[in-house]
There are 2 protein chains.
Amino acid sequence: MPTDPPHSASANRAGQAGHGGKDDRADHADRADHAAAGISAASHPAELRAAFRAARWSSHTGGLAERHVQGNVVIVPREAAQHFLLYCQRNPKPCPLLAVGDAGDPRLPSLAPDIDIRTDLPRYRVWRDGQLAGERTDITPLWRDDLVTFVIGCSFSFEQALMDDGIRLRHVQLGRNVAMFRTNIATTPAGPFAGPLVVTMRPLAPAAAIRAVQVTSRFPAVHGAPVHIGEPAQIGIADLAQPDYGDAVPVLPGELPVFWACGVTPQAALAQARLPFAITHAPGAMLVTDLFNQQLASF
Amino acid sequence: MPTDPPHSASANRAGQAGHGGKDDRADHADRADHAAAGISAASHPAELRAAFRAARWSSHTGGLAERHVQGNVVIVPREAAQHFLLYCQRNPKPCPLLAVGDAGDPRLPSLAPDIDIRTDLPRYRVWRDGQLAGERTDITPLWRDDLVTFVIGCSFSFEQALMDDGIRLRHVQLGRNVAMFRTNIATTPAGPFAGPLVVTMRPLAPAAAIRAVQVTSRFPAVHGAPVHIGEPAQIGIADLAQPDYGDAVPVLPGELPVFWACGVTPQAALAQARLPFAITHAPGAMLVTDLFNQQLASF
C-alpha cells in the first residue's frame, strides 16, 4: 500500500478533466465510454450507483455527477475504526468526515437513501497487512459484521466552488493532476494512525489567493481554508517542481503557491498503520453521493 | 441523571453574570469569593486550573478566564466512547467536539499543555447506572485505563462574539439563565446514544437575527449558526414561556425567537444511555482551557 500511488491522484486527474469542461481527448474518450455504459455527466447519482452496482461501469467517477459530492472511502474493522475515527476528529482539515457507518451496516443514509457500500463503488481495493491484495467490483463476499465505513470529503467540491468564482486552476487548465507534497507538519496521532500532513498546491495571483481563502473557508467539510501560503520551505517543501504525488504545476512570477490539506493524508496514515484488513475505493473510483457540493458550504 | 437539572443551565447562569459585565449582586459575590481563593477574572487559565487542582476553588467557573474557551466534560469507558464519538460526529451542531483524549490518558494537549483531567475541574459528578452517585473535586482515585475524555464546546464562546458585535442578549441583561427547549427534531443515533435535539432560544430583532446568523456561522466549534428561527411550533415548541430547562425569557413584539443547538443535547443522550459508569463536570464547573474564544472562529 505505501508504494502504491495515492488513489486521489488519479481521482483528481479524472475529476478535473470533467470539472475543467475542456474538450481534451481524455474527456472525449470518457464521454464515449460513459455512453457505452448508459451513463452520462447528467445522470442522477442514483442512476450512477445503479450502473456501478450492476458492474456496467467499473472505472473512475471523474466528470460524473459533476455538481454532487464524491467521497473517498475507507473501510476498516471496528478495532481499528475507533482509532481511525479519533484520528479524523483530531485532524479535521486533512480528514473531513462526511459520514461514518455503523459497524456491519453497509448503509450511509445521510449521503443517499439507497447506498449499499458493498456494491455501490465502481471498483474497490482490498488490503491485507498493508499490502494490496486485489481489486474487486463488489465486496459483498468480504463483508463482515465488524466493518465500519468512513467517507471523507475530497477537494473536487471546493475546486468547483473556486472555478465557479472565476478562479482559474492551472493544473485543470493544463490537464494535469494537482501537485501534492508531504510536509514537515506532523498530524496528531491516534492509535496506529500517524504521519505527515500531505498538502495540495495551487498557484494563484495574490488577489485570487485572498479570494480563495474566503471561498474555501466556507467548505470545512472538504478541507476548508488553506494551511499555508507563499513559503514552501517553512513547511518542509524543498522544490515545488518535484511533488511527492501528482504532477508538477508551474508557479509563475508574481504568483503565490497556496497549500491546502489533502485527503492523501489519511491514506498515508492508513498505509502506515499496516492493518491486517482494510478496503478502500480504487483510484478515482469514488463514492457518488446525492449531496450537492454547495450543500457542504458552512454558510 | 435524567431528573437532574442539566449542568449547562447553571453554567450559563454563572457564565453570563460574568459575561454580561453587570454589577449585579451575584457578580459582586463571585468576585469576593474569587479573591478569597486567590483567583480573579484576570487570572490565566493555568493559574485557575492550579487553584482547582489544589481545591482552593470548587465552584462554578462563570466570570473566570472570560475570553478563554470553557468546555463541557464527559468521561466514559472505552466501550461507550466509541459510540459517543460517533454520536458527536453525526450531530456536530449540538455536540461540537473540542478535544477527545486517548483511553486512559488524562491529558488534553490541544487545549493546554498541563491539563490533567483527573484534577483540573473545580468539581465533578460521578454517575452509576445513569444515577448521580456523588460529587468530587478530584477523580484520581476513580481513574481507569479505559476512560476516554470528551470536551464539548459551549455557547459562552459564541455569546461573547455576539455581545462583542453589539448584539444584546436579553437573558444576560435580565440576569437569567438562557431558555432551553426539547424539540421534535431527533438527533442521529449511535449505539445507545439518541434523543431529541435540545435548543437554546434568544429573542432578537430581525436585523440582529440576521447579524447573529453571520456571527455564529463563524463558530461551528461552539454550535455554529442557528437551527431554527421564528416559528417555534414547527420544531415542537408549544409555549416559549415554558422552557424545559433554564429560565423563561420574554420575546417582545417585533422580535423573532432564534434557536441554536444546545450542549444539553449530548447530556440528555448520555442520560438516556444509562451507562454503568460515567463522569461529567458538575453544573457550571467547566474545563477552563488556554484557547481564546476567538481562536474557535473558522474565519
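Convention: sequence-line order gives letters A, B, ...; per-chain numbering from 1. Remember, predicted model here, so these are calculated numbers, not experimental data.
Residues from residues 212-229 of chain B that place a non-hydrogen atom less than 4.5 Å from a non-hydrogen atom of chain A comprise B/Ser217, given in numerical order. Taking non-hydrogen atoms and a 4.5 Å limit, the residue list of residues 94-102 of chain B in contact with chain A, ordered by number, reads B/Leu97, B/Leu98, B/Ala99, B/Val100, B/Gly101, B/Asp102.
With a 6.0 Å radius and a threshold of 12 heavy atoms from other residues, nucleotides or ligands, A/Glu79 has its CD atom at or below the threshold. No more than 12 heavy atoms of other residues, nucleotides or ligands shown are found within 6.0 angstrom of CZ on A/Arg168. By the 6.0 Å contact criterion, CZ on B/Arg90 is enclosed, its count of non-hydrogen atoms from other residues, nucleotides or ligands being greater than 12. Under a cut-off of 6.0 angstrom, the local environment of CZ in A/Arg144 is crowded, with over 12 non-hydrogen atoms contributed by other residues, nucleotides or ligands.
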